**Student:** 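Take a look at this one; I'll ask things after.
Computed from heavy atoms alone, side chains included, the values below leave out hydrogens, waters and symmetry copies. Computed from a prediction, not measured in an experiment: that's the story for all the values here.
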Amino acid sequence: MKKAALHNLGCKVNSYETEAMTQLLEKNGYEIVPFSEKADVYIVNTCSVTNMADRKSRQMLHKAKANNPEAVVVATGCYVQTAAEKVKQDLSIDIIVGNNKKKEIVNILGEFYKKKENIHMIDINHTEEYEDLEISTVTEHTRAHMKIQDGCNNFCSYCIIPYARGRIRSRKMDNIKNEMKRLAEGGFREIVLTGINLGFYRDGENTLIDVIEMADKIDGIERIRLGSIDPEVVTEEFAARLGKVKKICPHFHLSLQSGCDSVLKAMNRHYTTEEYLEKCGMLREVFENPALTTDIIVGFPGESEEDFQTTLEFVKKVGFAQIHVFKYSKRAGTVAAKMPNQVDEKEKTKRSEKLIQVGLELTRQYRQGFIGKREEILFEENKIVDGKEYSVGHTKNYIEAAVENMGDISGKVLEAEIKGFLNNEIMLATE
């Protein structure tokens, strides 16, 4: 029995694909071992969203070969797509697998062992067809991320992903339904729908809202959560239909990137701050106090101090439940990398720290509004906090909450009253 070790870098879509490859290998007789151990095969599912991600991808590939110089090292993922020539010249890599060929990993390894020679290129070209990778279980005990869409057509000026993932393509509804049933039968209570550009899912006449409504009818699934969506997806019809879905979690990650219209235009984002605020209003009309979360890039080329202050005021106006802050990172191969007026690194850091503090305060304000309310918590694990053991999980609004002395209740949904803050990250609750 050959031993295989896999390492994932990057997004939830990559995580899903790594899980799917793991299960394919297990079904075909491979023993899965930790990446730090000696293995016969190392597979690194790489990321290329930033230059740092490229560097980490190279480091993990080299680490794999150092772990066992006789092992077969497989490079797959977005770094492979964006740096194909560099990858081909890397002597630590034996097999290169394109993003659209991961489902063939077992056959590709079989061919390698048969020929005993390096496979320098396994079709890294993009495809119009959705690659049907599937899972029947996940490493998390209660929540399953489920990929239903791939690719992106947006070409934001800072982003390399359309070149790494190709054009938009979507999974068939029947295929999604079957996997949801398998996961529900496996005991998973929450499904998180993910994709590279999730909101643009389409299978014939079916769109994202049709997938959500279908999931709502599947026995065993108690919660449906959405990955990141672009604000353009939210329409009055979408919000109205979403409001009728009993199992939907009122937690929506609407990608913003900047709260300044001139910066949004330079980023090639297809909305204004006024339109974004309108979309938030549509969701708030339908859901009581939903958690609206977002990503923001600071220090984009040409962003002035005034532009940054405009962003600060806008995030306060929206009243986000959480903000993920990123300093702009120049990405070779993108339009933004060649833009004039690149912002100084120290200035980026200063703006990032300031926005993070504003975001933390907004998070605290949002969570404070739940003190004294009874909320359903899906428990996931036990944690020791200040010497005491707590059962910890998340509310539908994705607030992390802990109840003391409950034992192992992972996978159960129980109602509890939010009492206050246990620490900066977790709320304290009692039955």
Side-chain angles (χ1 to χ4, degrees), residues 1-49 52-84 86-124 131 133-141 143-147 164 186 194 381:
M1 181 183 284
K2 293 188 184 298
K3 294 181 178 181
L6 296 90
H7 183 80
N8 185 72
L9 292 155
C11 65
K12 295 296 184 185
V13 169
N14 250 22
S15 296
Y16 178 92
E17 292 168 349
T18 300
E19 195 77 57
M21 285 190 288
T22 300
Q23 290 176 32
L24 280 171
L25 290 165
E26 280 184 311
K27 285 176 185 174
N28 285 275
Y30 285 82
E31 179 188 349
I32 307 301
V33 299
F35 198 81
S36 56
E37 291 186 13
K38 190 173 182 179
D40 301 295
V41 178
Y42 292 94
I43 300 172
V44 180
N45 198 5
T46 63
C47 177
S48 192
V49 71
M52 179 61 74
D54 279 3
R55 192 176 307 130
K56 285 182 180 177
S57 297
R58 288 192 296 272
Q59 286 171 350
M60 292 312 297
L61 288 160
H62 296 161
K63 183 179 179 181
K65 188 57 87 173
N67 282 354
N68 181 8
E70 301 303 313
V72 179
V73 175
V74 182
T76 187
C78 291
Y79 173 59
V80 166
Q81 301 283 170
T82 60
K86 190 180 289 185
V87 173
K88 279 194 281 185
Q89 293 166 18
D90 192 327
L91 298 178
S92 66
I93 300 168
D94 300 297
I95 304 176
I96 301 167
V97 179
N99 267 332
N100 62 321
K101 293 292 180 180
K102 292 174 182 175
K103 68 178 179 181
E104 297 174 25
I105 187 64
V106 174
N107 291 336
I108 289 167
L109 283 167
E111 282 297 307
F112 177 85
Y113 284 117
K114 200 183 294 180
K115 294 179 180 178
K116 295 292 182 184
E117 61 183 38
N118 289 14
I119 300 176
H120 288 293
M121 191 58 57
I122 293 291
D123 188 11
I124 68 161
E131 183 189 29
L133 277 166
E134 299 178 353
I135 62 172
S136 55
T137 185
V138 290
T139 49
E140 283 193 58
H141 299 301
R143 179 181 298 113
H145 288 82
M146 188 174 176
K147 177 189 167 190
T194 63
E381 60 180 333

**Student:** So V97 and V74, do their side chains get closer than 4.5 Å, heavy atoms only?
**Tutor:** yes
**Student:** Could you tell me which non-hydrogen atom of T46 sits nearest to which non-hydrogen atom of G77, and how far apart they are?
**Tutor:** OG1-C, 3.4 Å
**Student:** Pick from K102, M60, H7: which one makes a side chain to side chain contact (heavy atoms under 4.5 Å, CB included) with N45?
**Tutor:**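 Exactly one pass, corresponding to K102.
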**Student:** How long is the gap from NZ on K101 to CD1 on I95, to the nearest 0.5 Å?
**Tutor:**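 One finds 14.5 Å between NZ of K101 and CD1 of I95.
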**Student:** More than 12 non-hydrogen atoms from neighbouring residues, nucleotides or ligands closer than 6.0 Å to NZ on K103, yes or no?
**Tutor:** yes
**Student:** Could you give me the CA-CA distance, side-chain angles and deciding distance for S15 and T18, then say whether side chain to side chain contact (heavy atoms under 4.5 Å, CB included) is met?
**Tutor:** CA-CA 5 Å; S15 296; T18 300; 5.7 Å; no
**Student:** Calculate, to the nearest 0.5 Å, the distance between atoms SG and NE2 belonging to C11 and H145 respectively.
**Tutor:**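 Answer rounded to 0.5 Å: 10.5 Å.
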**Student:** Sequence neighbours left out, cut at 3.5 Å: what donor-acceptor pairs do the side chains of residues 26-43 make with other protein atoms?
**Tutor:**
residue : atom : partner : partner atom : Å
N28     : ND2  : L24     : O            : 2.8
D40     : OD2  : K3      : N            : 2.6
Y42     : OH   : E37     : O            : 2.6
Y42     : OH   : A39     : N            : 2.9

**Student:** Applying the side chain to side chain contact (heavy atoms under 4.5 Å, CB included) test to K65, which of I93, V72, V73 qualifies?
**Tutor:** V73
**Student:** Write down the atom of A75, the atom of V87, and the distance for their closest heavy-atom approach.
**Tutor:** CB-CG1, 4.4 Å
**Student:** Can you check whether Q81's main-chain N or O pairs, donor with acceptor, with N99's side chain at less than 3.5 Å?
**Tutor:**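 No, because the side chain of N99 does not come within donor-acceptor range (under 3.5 Å) of the backbone of Q81.
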**Student:** Starting at OH of Y79, measure out to NZ of K56 and round the result to the nearest 0.5 Å.
**Tutor:**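 Here the rounded value is 15.0 Å.
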**Student:** If every non-hydrogen atom of S57 is compared with every non-hydrogen atom of V44, which pair is closest and at what distance?
**Tutor:**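 Residues S57 and V44, closest heavy atoms: O-CG1, 4.5 Å.
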**Student:** Please list, chain by chain and in numerical order, all residues satisfying side-chain hydrogen bond (donor to acceptor under 3.5 Å, both in side chains) with D90, sequence neighbours excluded.
**Tutor:** H62, S92
**Student:** Could you give the distance from CD (E104) to CE (M21), rounded to the nearest 0.5 Å?
**Tutor:** 12.5 Å
**Student:** Under 4.0 Å between a Lys/Arg side-chain N and an Asp/Glu carboxylate O for D54 and K86?
**Tutor:**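 Result for this pair is no, no salt bridge flagged.
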**Student:** Mind checking the CD-CG spacing from Q23 to L25? Nearest 0.5 Å is all I need.
**Tutor:**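 The CD atom of Q23 sits 10.5 Å away from the CG atom of L25.
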**Student:** So, the side chain of T194 versus the backbone of M146: is there a donor-acceptor pair under 3.5 Å, distance only?
**Tutor:** yes
**Student:** Dump the intermediate steps for side chain to side chain contact (heavy atoms under 4.5 Å, CB included) on C78 and V49, then the final yes or no.
**Tutor:** CA-CA 8 Å; C78 291; V49 71; over 6 Å; no
